[in-house]
Amino acid sequence: NITVLFRHRIQALMQKTIDGLDVDQARNEVEPFVSNPAVLEFTGSSTDTLLEGVTLGNTGTSGGTAIRISGGAVPVIRHNILNGGNGGSSNAMEVNGAAPHIESNALFGGDAAAGESRALSLINAGGTELINNALKAGNGGEVCGLYLESSSNVRIENNTIAGGNTHSSR
């Protein structure tokens, strides 16, 4: 299930999140919208795919990822609210072997009892552009707002990035 918010609602939320640097307040505002499970996966080399103005959440109990991008995909992801949900591990967005353009989104890692909680994981994601986003990890065994692994030539510009609560935080 996908919950769609009107563009003015997303823009107002993003303005608060980025300009006000208040990621926790933004998270509280969007929690009611992310109760429906949704997983969206982009794979392949298409350059004309756009995801804009949606709210996605994953409520899986074993682990969740709202959006997974792989296989050389290069979609444009902008003006969205993503929540990885609660479970064994939680990622709002996971990029592996792809190079998306990610702009003006709010990404929340969710809560993972013992596993990882990451707002955004970039693995082998050279060429990815990350511009004007708010990223916040939730709670878990390992938490980080932005996780980078084997990803060179990544453009990271004007983002608000926050960790969560755990035994070890990056």
Enter the distance from E103:CD to H79:NE2 here, rounded to the nearest 0.5 Å.
-> 6.5 Å

Euclidean distance, I77 CD1 relative to T49 OG1, rounded to 0.5 Å | 8.5 Å

Between A98 and I69, what is the shortest heavy-atom contact and its length?
-> CB-CG2, 3.6 Å

Side chain to side chain, F42 and L51, heavy atoms closer than 4.5 Å | yes

For L107 and A92, which heavy atoms make the closest approach, and how far apart are they?
-> CB-CB, 3.9 Å

Can you name the nearest heavy-atom pair linking N91 to S121, along with the distance?
-> OD1-OG, 3.1 Å

In short, A73 meets P75 closest at the heavy-atom pair C-CD, 3.3 Å

For residues 71-84, pull every pair meeting salt bridge (Lys or Arg N to Asp or Glu O under 4.0 Å), keeping only residues two or more places apart or in separate chains.
-> E52-R78

Using modelled atom types only, decide if a donor and an acceptor are shared between the side chain of N80 and the backbone of G53 within a distance under 3.5 Å.
-> yes

For residues G163 and K136, report the shortest heavy-atom separation together with the two atoms involved.
-> O-NZ, 3.5 Å

N133 side-chain N/O to S104 backbone N/O, donor-acceptor pair under 3.5 Å = yes

How many angstroms lie between atom CD1 of I102 and atom CD1 of I67, to the nearest 0.5 angstrom?
-> 8.5 Å

Taking the side chain as every heavy atom from C-beta outward, state whether L40 and V54 have any pair of such atoms under 4.5 Å apart.
-> no

Would you call L135 and N159 a side-chain contact if the rule is heavy atoms closer than 4.5 Å?
-> yes

Nearest-0.5 Å distance that lies between atom OG1 in T65 and atom CG in N83 = 11.0 Å

Do I131 and H101 have side chains that get closer than 4.5 Å, going by heavy atoms?
-> yes

Taking the side chain as every heavy atom from C-beta outward, state whether S151 and T128 have any atom pair closer than 4.5 Å.
-> no

Y147 vs E116 side-chain heavy atoms within contact, under 4.5 Å = no

Pairs touching residues 79-89 that satisfy salt bridge (Lys or Arg N to Asp or Glu O under 4.0 Å), sequence neighbours left out | none

Does a side-chain heavy-atom distance below 4.5 Å link R118 with E142?
-> yes

How far apart are the closest heavy atoms of V143 and G140, and which atoms are they?
-> CG1-N, 3.4 Å

Where the side chain of S117 meets the backbone of G138, is there a donor-acceptor pair that is under 3.5 Å apart?
-> yes

